[in-house]
Amino acid sequence: MPRGLALLDELLDERQAAPGDDLLSRMLHAQHNGETLTRDEVRSMVALLMSTASEPVGHLINVAMVNLLRHPEAMAEVRADASLIPAAVDEAYRYDGFGKLNLPRFPLEDVELSGVRIGKGQQVFGVFASASRDERAFPDAAVFDIHRDNRKSLLFGDGPHVCLGRWLSKVVVETMIEKLVTRFPAMRLSGEPVYTQNTFFRKMVSVPVEVGR
């Protein structure tokens with residue numbers, strides 16, 4: 001058995017015997033119509049959460065920091081008031097998110113959107129970058145504004161299609177941003193980020209910075 005899986009099983013055994021107020025305990029002891037999740041189902045859920053809140057987290061940290069460094073007034077506000085970090089992170093995702101397309105959707109019947117007919121079963125992709133700059137949802141969408149109301153953002157999906165790693169990602173990214181802006185108050189960009197692109201993502205593979213003293 002892989003070491004990582006063995007460690008997870010040890011942790012699951014501990015939470016099974018002595019549940020606490022944590023996600024693993026709740027997954028192990030949750031019931032629906034008298035049924036509980038199997039051990040394999042819990043393992044799969046943990047793997048899914050780790051995958052959705054690991055690699056994407058690194059990209060989201062890059063996006064948030066680069067955009068704060070490019071907007072010194074916003075960075076100064078964040079450094080003066082850490083309670084603004086969650087809003088600043090949400091605005092960075094909207095303004096310059098690394099997600100380009102969502103997963104394909106297939107209409108269950110013929111529909112018409114903005115004068116365009118979409119046939120039943122036709123593959124459709126939503127474009128995050130376009131939605132995030134829609135002036136009808138975000139007035140002055142081309143402006144980076146950490147005081148903006150971003151409740152209409154679709155970066156993490158919504159409803160039954162919401163990203164399972166959304167809240168874990170937010171906690172990790174917001175914590176990391178707070179540590180970076182506090183520990184390195186003189187940090188600045190020393191060059192332009194280098195990107196790699198594919199169909200679904202626009203990722204930064206390197207971000208040159210000087211941290212100062």
Side-chain angles (χ1 to χ4, degrees), residues 2-5 7-8 11 22-24 43-72 74-75 77-79 82-104 125-133 144-146 148 150 153-158 161-212:
R3 179 58 178 161
L5 189 56
L7 289 172
L8 175 59
L11 187 57
D22 58 84
L23 182 60
L24 282 181
R43 285 174 171 173
S44 297
M45 287 291 290
V46 171
L48 179 61
L49 286 170
M50 291 299 294
S51 64
T52 57
S54 55
E55 181 187 5
V57 164
H59 301 305
L60 294 173
I61 291 170
N62 286 344
V63 166
M65 279 303 300
V66 165
N67 282 285
L68 283 171
L69 291 170
R70 283 175 171 166
H71 297 86
M75 176 66 88
E77 286 192 76
V78 165
R79 285 190 170 125
S83 70
L84 294 173
I85 289 177
V89 169
D90 286 344
E91 174 65 353
Y93 298 170
R94 182 206 67 82
Y95 182 79
D96 188 25
F98 77 95
K100 294 165 63 179
L101 303 177
N102 67 359
L103 294 175
F125 289 94
V127 183
F128 288 128
S130 179
S132 295
R133 293 296 184 96
F144 183 76
D145 179 5
I146 65 173
R148 185 189 301 277
N150 277 307
S153 174
L154 297 176
L155 180 63
F156 289 99
D158 197 13
H161 301 291
V162 71
C163 174
L164 291 176
R166 175 178 184 173
W167 299 111
L168 178 57
S169 296
K170 282 179 63 65
V171 169
V172 174
V173 174
E174 290 166 11
T175 300
M176 190 64 179
I177 296 302
E178 181 176 6
K179 297 298 183 184
L180 286 171
V181 301
T182 301
R183 184 171 180 181
F184 303 109
M187 181 187 291
R188 67 180 184 86
L189 290 172
S190 59
E192 287 300 309
V194 177
Y195 292 88
T196 182
Q197 298 193 34
N198 59 34
T199 303
F200 291 93
F201 299 107
R202 174 175 171 265
K203 304 175 181 179
M204 297 181 197
V205 294
S206 67
V207 180
V209 298
E210 293 180 8
V211 297

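- Of the inter-residue distances, the one linking Ile61 atom CD1 with Leu180 atom CG reads 7.5 Å to the nearest 0.5 angstrom.
- The shortest side-chain heavy-atom distance between Val57 and Met176 does not fall under the 4.5 Å cut-off.
- In plain terms, the two heavy atoms of Thr182 and Glu178 that are nearest each other are OG1-O, 2.7 Å.
- Note: Asn150 CG to Asp145 CG = 8.5 Å, rounded to the nearest 0.5 Å.
- For the pair Glu210/Met187, no side-chain contact is recorded, criterion being any heavy-atom separation below 4.5 Å from C-beta on.
- Between Val209 and Val66, every side-chain heavy-atom pair lies at or beyond the 4.5 Å cut-off.
- Side-chain contact between Val181 and Met75 is present, with at least one heavy-atom pair separated by less than 4.5 Å.
- A salt bridge links Glu192 to Arg70: at least one charged side-chain nitrogen sits closer than 4.0 Å to a carboxylate oxygen.
- Nearest heavy atom pair, residue Ala64 against residue Ala92, reads CA-CB, 3.7 Å.
- The two atoms that bring Arg94 and Ser132 nearest to each other are NH1-O, 2.8 Å, heavy atoms only.
- Side-chain contact between Val207 and Val194 is absent, with no heavy-atom pair separated by less than 4.5 Å.
- Under the 4.5 Å side-chain criterion, counting only non-hydrogen atoms from C-beta, Arg133 is in contact with Tyr95.
- Here the CD1 atom belonging to Ile85 is positioned 7.5 Å from the CD1 atom belonging to Ile177, to the nearest 0.5 angstrom.
- Residues Val63 and Tyr93 come closest through the heavy atom pair CG1-N, 4.5 Å.
- For His59 and Tyr195, the gap between ring centers reaches or exceeds 6.0 Å.
- Across all their heavy atoms, Leu84 and Glu77 have their closest contact at CD1-O, 3.7 Å.
- In this structure, Lys170 pairs ionically with Asp90, as a charged nitrogen and a carboxylate oxygen lie closer than 4.0 Å.
- The shortest side-chain heavy-atom distance between Glu91 and Phe144 falls under the 4.5 Å cut-off.
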